[in-house]
S.K.: 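Please read through the structure below; I'll follow up with questions.
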Amino acid sequence: MAGNDWINSYLEAILDVGPNLDDVKSSLLLRERGRFSPTRYFVEEVITGFDETDLHRSWVKAQATRSPQERNTRLENMCWRIWNLARQKKQLEVELAQRKAKRRLELERGRREATADMSEDLSEGEKGDIVSDVSAHGESNKGRLPRINSVDAMEIWASQQKGKKLYIVLISLHGLIRGENMELGRDSDTGGQVKYVVELARALGSMPGVYRVDLLTRQVASPDVDWSYGEPTEMLSPRNLEDFMDEMGESSGSYIVRIPFGPRDKYIPKELLWPHIPEFVDGALNHIIQMAGVLGEQIGGGKPVWPVAIHGHYADAGDSAALLSGALNVPMLFTGHSLGRDKLDQLLKQGRLSRDEINTTYKIMRRIEAEELSLDASEIVITSTRQEIDEQWRLYDGFDPVLERKLRARIRRNVSCYGRFMPRMVIIPPGMEFHHIVPQEGDMDGETEGNEEYPSSPDPPIWSEIMRFFSNPRKPMILALARPDPKKNITTLVKAFGECRPLQELANLTLIMGNRDGIDEMSSTSSSVLLSVLKLIDKYDLYGQVAYPKHHKQYEVPDIYRLAAKTKGVFINPAFIEPFGLTLIEAAAHGLPIVATKNGGPVDIHQVLDNGLLVDPHDQQSIADALLKLVSDRQLWTRCRQNEGNAADRKNKLENAVLSLSRGVLKDEQKAGSGDKAEDCYSIGKFPALRRRKHIFVIAVDCDSTEDLLDTIRKIFEAMEKERAEGSVGFILSTFMTISEIHSFLISGGLNPSDFDAFICNSGSDLFYSTVNPEDGPFVIDFYYHSHIEHRWGGEGLRKTLVRWAGSINEKAENEEHIVTAAEQLSANYCYAFQVKNSGLVPPVKELRKWLRIQALRCNVIYCQSGTRINVIPVLASRSQALRYLYVRWGIELSKMVVFVGDSGDSDYEGLLGGLHKSVVLKGICSSASNQLHANRNHPLSDVMPVDSPNIVQISKDFTSSGIHDSLENLLES
């Protein structure tokens, strides 16, 4: 925009004209249009489309006009335009003040409610320092990469890292990226960020301990750009090649890897890339998996070398990095470079475009949602300045500097945050290149002294925290890891230990019973169990023989297992019934023999591993005898450990053991069988039905009724009857329903669970497979999937917050009761379900998601079943992410999947469209309620659904099985 001088001269001209404006009888416009009123013309034609730049051009023309009458008419016209400009800017200021006031109230309410859920009053310490060695997600930075604050520290750190071989992935999608001769300024997308990410990749590749760095971007094979942007791979040569040659391996160094996605022959701006993000994610996932295998052969001893971190740059890459992070279970970092909410505010202040026009032009709401997801998933957010944190990031629902400091202070004091999380903000100003600077005098010796050998790393802190309880810490450790719940049967274990003098003489007992601060602050059930344990310790005088630490962190659990194995100890799970037994698998992975309850999943695990003893949890003497037998008989202990296998072949045995976990909530009573029969059941392979299929058909149709869904499934089955008989195709049912509802639905519809290879349940928070042997029950759950999605799961703290939200909705409904109710029978460990009586009285999904983010709760909110049900699941869990997991876990290529959806569906519908898989849209399968769910989204569906994609076909409303078959043939041949 021009400077202010033109405005001053304009005002002077207005004063000179005076009242003569009203006396104008003719003008250029009057001659062109006949009788003309400048005021009326302006109000009708100009007032809705003012532009300051255009206003300046008008004034220049007015100054150059010689005719006084025409000049006066132009000046009157401009008078109205400037008045309107002032009026609109005043209106924008009022709206901005209202938005700020509303957001301030929302943040204050969120803080109050978040604080109310926390057991302790906030102290002065919780106001917090800015710098801390504890991140807001509860992990100490001690033991991680230290801050480098001197040249000596840099040299020491560099020598320590030389033995490591890390793989790092960077993502920057838009613009034209290449290593040399960058076309900076070619367009708005090819600017400073391009140079930043290229030089960052190059610098990281030269760092000690970093073996390979991949900078993933878009492959552009367009005649409008240079051919180099269409090359799949480009190596970035290090600045100091001579120093780097000694450490180079076959695939080491920094690379630009270009992934094809979006229009193949067009270079498009970043605003048009959003619908194609899923396609990039699938392509990047394919590259990373292949590269992990290659690096595993080179430096990993045959085991895949996964990225140590994925770093997204800008919102589109942050969205991609979050999905890749969830699929690979890899930490994520994020750098925003510029932020959408700040840009939105600036554009609104200018007054040139309305909010809708801004969103249409810049896809700003889609960008903001991607940045919110990046906050949800990132471990660390890298910023350039403090202002970026305090003035820009604080505009987001998912970040509040005040609440972040409070959470960090609580974590520093080992106080529970009740499932709340804030990413750590790290200020790293952009660096400067020094390789091209030549000293004026002399030269500096940059070589470091020879490598010094450092002693092995010290024992983990949790070891000393446990060992301090024991008078003789060298004795074997009996380890129990369970929360203080009556069904975990911890008190019986303590009684068995306390009444067996020989066991006390040979072993120590360690009880890891969750985390606690004060007993009075625990729930009544948990405090009762803990008090009983403490009384039993006092009764049997077990001081110096029993450890019960108050705190431990999740990442310290493997260290606890290792400590028990180091002392040649035993792991025990004495629960009255153990449906799954995942801790037994973890213990076996660390070489620990087990004593476990004979009720539930441990029976199947023992059949596969044969690495311990099973006991009756109600028989105190049986527990003591089993523990004493393993601790006193070294040959038995060694045999149990050997049965688990060595580190090389233990993985296969453990995978088979996972298959022998609970068959789901509908498992029939387990029938007795020989060990050979059980072994045959699991030795066929790791879910071979999925792996041998030529194509996988995913039925993810969100029908209005079970009858419609059943009819759709039958038509799809009929369309592929020949292929089903041959076994070349398999089917997956993907739905919001629980596994219990699915089982009832299949039985009532005359279908068999074995008709499907897998079931994606609870909107993507559970994954089940149909079993090979019907005697083992209809379903088996995949617990490895839970390890992928449990990131940031709020657990009980989230559940209580949701119950409180439901109560507030019910209070607002004056004439109706129980609009939203918690559905315990429909909930699962990683899915909290709520039933909705009147969906019209429930806020849209974006409002609930916003409310939870303001309270630092990270989750994925899905409105299901035409808005009559709400599923809240982990933030990186979804039905589309479950498909990517199947690729990562079992190698089922995404390009061989075909996903069936309706015209519309649940609020996660958008994630099922796009990507490398094929999609079949069955027209007519939707509802007005479902359409309303999507009308309330933050951004239009067109911003996430690719238009005219060759991977998407639509079938007419009155589709038949033959129509489906013909469409599939054309789709799979393309």
Side-chain angles (χ1 to χ4, degrees), residues 144-145 158 160-172 177 179 197-198 200-217 219 231-238 241 243-260 280-313 317 320-321 323-333 379 558 589 647-652 655 686 784 787-788 884-894 916:
R144 295 189 174 191
L145 301 184
Q160 289 176 329
Q161 304 307 310
K162 285 187 176 180
K164 298 180 180 178
K165 295 185 177 180
L166 305 178
Y167 175 32
I168 299 174
V169 173
L170 309 179
I171 304 176
S172 183
I177 298 179
V197 294
V198 169
L200 174 61
R202 198 191 309 271
L204 284 172
S206 303
M207 293 293 289
V210 177
Y211 187 78
R212 182 180 174 102
V213 178
D214 281 342
L215 170 56
L216 307 185
T217 188
Q219 184 183 38
E231 290 295 297
T233 306
E234 176 187 349
M235 184 174 184
L236 298 174
S237 58
L241 186 58
D243 297 338
F244 192 66
M245 287 298 294
D246 294 338
E247 300 181 10
M248 291 188 69
E250 185 178 349
S251 299
S252 65
S254 300
Y255 295 82
I256 298 175
V257 179
R258 299 183 178 93
I259 307 294
F280 167 79
V281 172
D282 293 348
L285 190 62
N286 182 47
H287 167 78
I288 293 173
I289 291 175
Q290 291 182 1
M291 184 52 59
V294 170
L295 297 181
E297 295 298 325
Q298 295 177 12
I299 60 175
K303 297 180 179 179
V305 176
W306 299 105
V308 69
I310 298 177
H311 188 174
H313 294 265
S320 306
L323 297 177
L324 286 170
S325 169
L328 295 169
N329 207 13
V330 169
M332 173 191 166
L333 289 76
E379 301 288 338
D649 62 10
R650 190 177 296 157
K651 181 174 181 289
N652 289 335
E655 287 180 337
K686 306 153 190 173
Y784 284 128
S787 71
H788 273 63
R884 295 188 176 106
Y885 169 83
L886 291 174
Y887 175 40
V888 175
R889 181 85 175 101
W890 305 115
I892 303 168
E893 295 184 18
L894 294 166
L916 291 182

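This is a predicted model, so every value here is computed, not measured. Below, each value reflects all heavy atoms present in this structure, side chains not excepted, and no hydrogens, waters or symmetry copies.
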S.K.: Which heavy atom in R884 sits nearest to a heavy atom in A327, and how many Å separate them?
M.R.: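 Taking every non-hydrogen atom into account, CB-CB, 4.2 Å.
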
S.K.: Between V197 and L170, is the side chain to side chain contact (heavy atoms under 4.5 Å, CB included) condition met? List the steps.
M.R.: CA-CA 8 Å; V197 294; L170 309 179; 5.5 Å; no

S.K.: Out of curiosity, I168 CD1 to H311 NE2, how far, rounded to the nearest 0.5 Å?
M.R.: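 That separation rounds to 10.5 Å.
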
S.K.: Looking at side-chain heavy atoms only, is the closest gap between W306 and N329 below 4.5 Å?
M.R.: no

S.K.: For a quick test of reading the model, state the closest non-hydrogen atom pair linking T217 to F280 and the distance between them.
M.R.: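 Reported closest heavy-atom pair: O-CE1, 4.3 Å.
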
S.K.: For the atom pair CG (L216) and CD1 (I177), what is the distance rounded to the nearest 0.5 Å?
M.R.: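 Between atom CG of L216 and atom CD1 of I177 there are 10.0 Å.
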
S.K.: What's the spacing between L200 CG and L236 CG if we round to 0.5 Å?
M.R.: 10.5 Å

S.K.: Please confirm whether the backbone N or O of V257 pairs with a side-chain atom of D214, one donor and one acceptor, at under 3.5 Å?
M.R.: no

S.K.: Would you give the length of the straight line joining atom CG of L204 to atom OG of S254, rounded to the nearest 0.5 angstrom?
M.R.: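 That separation rounds to 7.0 Å.
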
S.K.: Ignoring hydrogens, what is the shortest heavy-atom contact between P238 and R202? Give both atom names and the distance.
M.R.: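 The answer is CA-CG, 4.3 Å.
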
S.K.: Taking all heavy atoms of D282 and all of L916, pick out the closest pair and write down the distance.
M.R.: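 Heavy atoms only, the tightest pair is OD2-N, 2.8 Å.
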
S.K.: Please confirm whether the backbone N or O of Y784 pairs with a side-chain atom of H788, one donor and one acceptor, at under 3.5 Å?
M.R.: yes

S.K.: For V330 versus S325, what's the shortest heavy-atom pair and its separation?
M.R.: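 Closest pair (atom of V330, atom of S325, distance): O-OG, 2.5 Å.
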
S.K.: Does the S252 side chain pair with the main chain of R212, one donor and one acceptor, at a distance under 3.5 Å?
M.R.: no

S.K.: Output the distance between atom CD (E231) and atom CD1 (I256), rounded to the nearest 0.5 Å.
M.R.: 11.5 Å

S.K.: Please test Y885 against L328 for side chain to side chain contact (heavy atoms under 4.5 Å, CB included), starting from the C-alpha separation and ending with a verdict.
M.R.: CA-CA 8 Å; Y885 169 83; L328 295 169; over 6 Å; no

S.K.: Looking at every non-hydrogen atom in both residues, tell me the closest pair between S251 and Y211 and how far apart they are.
M.R.: N-OH, 3.8 Å

S.K.: I need the Y167 OH to I288 CD1 distance, nearest 0.5 Å.
M.R.: 5.5 Å

S.K.: Which one of Q290, E297, Q298 satisfies the side chain to side chain contact (heavy atoms under 4.5 Å, CB included) criterion with V294?
M.R.: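 So the option named by the test is Q298.
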
